[in-house]
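The chains referred to below are lettered A, B, ... by the order of the sequence lines, with proteins before strands, and numbering in each begins at 1. Please read all numbers here as calculations on a predicted model, not as lab measurements.
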Amino acid sequence: MEDDAPVIYGLEFQARALTPQTAETDAIRFLVGTQSLKYDNQIHIIDFDDENNIINKNVLLHQAGEIWHISASPADRGVLATCYNRTSDSKVLTCAAVWRMPKELESGSHESPDDSSSTAQTLELLCHLDNTAHSNMACVVWEPMGDGKKIISLADNHILLWDLQESSSQAVLASSASLGGKGQLKFTSGRWSPHHNCTQVATANDTTLRGWDTRSMSQIYCIENAHGQLVRDLDFNPNKQYYLASCGDDCKVKFWDTRNVTEPVKTLEEHSHWVWNVRYNHSHDQLVLTGSSDSRVILSNMVSISSEPFGHLVDDDDISDQEDHRSEEKSKEPLQDNVIATYEEHEDSVYAVDWSSADPWLFASLSYDGRLVINRVPRALKYHILL
Amino acid sequence: MAAAAAAGPSPGSRPGDSPEGPEGEAPERRRKAHGMLKLYYGLSEGEAAGRPAGPDPLDPTDLNGAHFDPEVYLDKLRRECPLAQLMDSETDMVRQIRALDSDMQTLVYENYNKFISATDTIRKMKNDFRKMEDEMDRLATNMAVITDFSARISATLQDRHERITKLAGVHALLRKLQFLFELPSRLTKCVELGAYGQAVRYQGRAQAVLQQYQHLPSFRAIQDDCQVITARLAQQLRQRFREGGSGAPEQAECVELLLALGEPAEELCEEFLAHARGRLEEELRSLEAELGPSPPAPDVLEFTDHGGSGFVGGLCQVAAAYQELFAAQGPAGAERLAAFARELGSRYFALVERRLAQEQGGGDNSLLVRALDRFHRRLRAPGALLAAAGLAEAATEIVERVARERLGHHLQGLRAAFLGCLTDVRQALAAPRVAGKEGPGLAELLANVASSILSHIKASLAAVHLFTAKEVSFSNKPYFRGEFCSQGVREGLIVGFIRSMCQTAQSFCDSPGEKGGATPPALLLLLSRLCLDYETATISYILTLTDEQFLVQDQFPVTPVSTLCAEARETARRLLTHYVKVQGLVISQMLRKSVETRDWLSTLEPRNVRAVMKRVVEDTTAIDVQVGLLYEEGVRKAQSSDSSKRTFSVYSSSRQQGRYAPSYTPSAPMDTNLLSNIQKLFSERIDVFSPVEFNKVSVLTGIIKISLKTLLECVRLRTFGRFGLQQVQVDCHFLQLYLWRFVADEELVHLLLDEVVASAALRCPDPVPMEPSVVEVICERG
């Protein structure tokens, strides 16, 4: 099977926003939001048929404005949140809203898609995450393990925690905190930690990384000058609770232990321009994906700082009951960190990469010219990790 | 045979006749005659030796043979030869016979006179002998008479002679006895006078005799007296010895006398060494006093001189005297001396090392080397004398250690010098910035730094070279010939310094601040150039210099020039790349702030190029000048002839085919997108933070790439109004006008700026581009 070949899908518009459909665990499905100032913006629901290597798509209209950020509810397949621009008489406002997609699209269209015939359907607005005090939403993040009731949005220098009530039709501002300090402080990105009972959120502003406790909305750690220049994105290691990856305009990806904020645990410098996105694989945290405006996507194998520095020990124990200890011995030697692959299918800056929520060996990347590329982890590596 | 027979006396020989025939045949014939004589006297073997392959002498047909038989010969002739040959042989025979006859006659004439005179002589001899016989008889009788007389005299003198002999023996004995009897008083006198040597000699002479005759009471008395005196003598000698006031030679004399008196050598040994120790410790104490902090320490040369003359000289004397005196002691004695020398030697070395340690900081190598030389040279004498004590080895070791420390010191010095240079450069870079806009003479600074480092290196080499100078006594030790040169000087000092220089320079690349504020960019540039210069020339020059001066010649592997050069080049490359990043960042920040802080939607119609763009161009020009001071121009891509005149038209439709129409032309964004993608298909991917080459154009290209890419990314994050777009248009054209000249490939600038404008147009809900001519006018005015 030639299934290591990438699958490419083109959108008509520029696009920056990409998310897997988080609540979906069977089908491989990504949501992409477009950016167009002149036409109605869309959300493409990209279904990937792994067996046949076919992409099915459904288009939803997102008439509110161009989409800067998109995130899907972890609990309800039909619910998603976007940050979008609204231009009104020489003013640009970035707002955020929670939407519900039509029921029949929640689990993808099962009939054979026909692009020309399929008419675009519209999203149903559930609620705005607005209040007049705060505009310029940079991003929206859902509580990762929860029931899809809690959501955090970052607006300018405020971090806002919302409670969604009455089946998400109403958003109530539960608490908020803001950055004090001189100058125009602006959050660029944030992630919700899946550890500690989902009580921690990390944010990035300028060159600084900050951790927040959502219960008290107070800062718990702060990594000053985490990067030489602007921090673009961060992500939590899903299996190691204190580990955090960040990336930024200094072309570097840094790995942090939040208990020691003075030094990064590890630094990668593979990209030749700003790194816009960094993502841990959800189940095998040695796999780290980065996307950069040098038009490249790089998949790195950070074994030494992963939760499995010696390979799959648990599995080995299971196997060793029946089989010999060969595999166990083999996996005892520490593995080397390395770049697994550099993907060069994009021709413009890559602003978003993410792993599929259903298949841990599959990921998508999106470049500004609207090209979505779906790639797989190389088969050899996959078997190496599994066996 | 015929000739021999003819050699008789024959009358009528004429005395003037030549006895020989024609000259050529002469030796031949004579030899033949000899042969015949020999044959006659039965000496045939002599002839056999002379003529090994002669004709068979027994052949009866040989005319000259001893066994010639005329009958057989004739028979043979008649039988074998034809007539003609017979005739020939007949005439030949006749001729030969005639010749023989004449020969014979000649011989007879010749010898006749000789026979006559011989007969006369014999007759005269007979007369003379008769007279002589008479005289001999007379002599014999006289001799007999003399013998008789002599025997008589001897008999008469016999007993008198015996008596005289006996008397002489008695006399000698009496004198000996007298000596013995006088011995005590003599000894006493000697002791009183202090002539110990004399006394000991007397005692030695008398000792044996007294020992032998001690059963006689009189001798016993004398012996007792002598012993008493001798004991006193020994006492006194010891006294003198112990006082030790006098120098080593006198002590040695004392010991010698005591030994002669039969004192126990073991004990004397101990005592001798103890005394010597006292003296040498005195020396050591005085040396230590020189070391002490209170009086100003004399210079190291003086110190080693003192040590050399005082301690080492003393040690030599002691060792020499000891070996002379106690040679009989055998290996045990030698061992004792060696232990003694080792112990004192190590104390001396400790002192010397302390003194040398004080010298470590000082700069004067020649003095140090001279001091070490003297120290080493001095110790060679005791070293040879006392091989077992290992003094020479220990001294060599100290010298080696000092040499090593010296190398370390020089390496430190070089590093410090380098850092000092850097500090100077920093100050020089910082100072004029306040005074005026005139950039510091980077080339000058570079030359200063390079020459100052080189001179430091040369100075260090020269200083270290003193250790291997021919006239220095330790320079031919294996360490100084081999390891010192290759591992110490070449690897440790020179290679070590170059490496540390590279490291220091590299450390500027990853300064923790990362903001680039820590190191002035000019310094990065300067260091990069310095490293590059090292790579191209200086390293090989320095190493060649070192190799020449130190004749590195041993089996230790040394770092090849190419490795060092590669390291230097890598350092230079990293520094330059870092320089590009830092400068690119500075300009990027400017551009970014300018894009991010402006409200692009509500901006007014552009009338001017924004000040920040002018700033960018100014800064780029400044960087260009700065880099130009140190780096060569570099290669540009071939430019089209009108490139210098390229104006805004490149942005408009008049651009060459293949260029995509800029997106702000009123066309659908989809088309733009398509065109843009097609364009990208044909253009190469731009690596923004790519490694740079060592030339000005490459550096500037790197900086501009970084800046423009930043501009592009920032523009994409904003939304533009119509005038905002136009402002971007103006700004980009302005940049286009001024930046193309700095880069290797102006297409790159076009491409990036095109993309900026295209992105801005995409980010504009109302994209109405400005008229190219207006843009041009604005730019020209600005």
Subject >> Results of side chain to side chain donor-acceptor pair (under 3.5 Å) for A/Asn85 - residues two or more places apart only >> reply: A/Glu66, A/Trp68, A/Thr94

Original post:
Relative to chain A, which segment of B/Leu717 carries a heavy atom at a distance below 4.5 Å: side chain, backbone, both, or neither?
Top reply: both

Original post:
Is there a side chain to side chain contact (heavy atoms under 4.5 Å, CB included) between B/Thr719 and A/Gln35 once you walk through the steps?
Top reply: CA-CA 11 Å; B/Thr719 309; A/Gln35 277 197 316; over 6 Å; no

Original post:
If you measure from CZ on A/Phe13 to CG on B/Leu762, what distance do you get to the nearest 0.5 Å?
Top reply: 11.0 Å

**OP:** Applying salt bridge (Lys or Arg N to Asp or Glu O under 4.0 Å), run through B/Glu713 and A/Arg16 and close with a yes or a no.
**Re:** CA-CA 12 Å; B/Glu713 292 296 339; A/Arg16 280 177 185 271; 5.2 Å; no

Original post:
For A/Glu269, is it the side chain, the backbone, both or neither that has a heavy atom under 4.5 Å from a heavy atom of chain B?
Top reply: side chain

Original post:
Can you tell me if CZ on A/Arg259 sees more than 12 non-hydrogen neighbours from other groups inside 6.0 Å?
Top reply: yes

**OP:** Starting at CD of B/Glu755, measure out to CG of A/Asp348 and round the result to the nearest 0.5 Å.
**Re:** 6.0 Å

**OP:** Supply the atom-to-atom distance B/Ile706 CD1 to A/Cys251 SG, rounded to the nearest 0.5 angstrom.
**Re:** 8.0 Å

**OP:** Quick one: closest heavy-atom pair of B/Cys764 and A/Lys38, and the distance?
**Re:** O-CE, 3.0 Å

Subject >> Evaluation steps, side chain to side chain contact (heavy atoms under 4.5 Å, CB included), between A/Leu230 and B/Arg592 >> reply: CA-CA 11 Å; A/Leu230 195 69; B/Arg592 175 143 141 201; 3.0 Å; yes

Original post:
For B/Arg716 and A/Ser349, what are the C-alpha separation, side-chain angles and deciding distance, and is it a side chain to side chain contact (heavy atoms under 4.5 Å, CB included)?
Top reply: CA-CA 11 Å; B/Arg716 283 183 177 181; A/Ser349 304; 3.4 Å; yes

Subject >> Among the listed options B/Gly721, B/Gly724, B/Pro765, the residue most often paired with chain A at heavy-atom distances under 4.5 Å >> reply: B/Pro765

Original post:
Which heavy-atom pair separates B/Thr710 from A/His273 by the least distance, and what is that distance?
Top reply: N-NE2, 4.5 Å

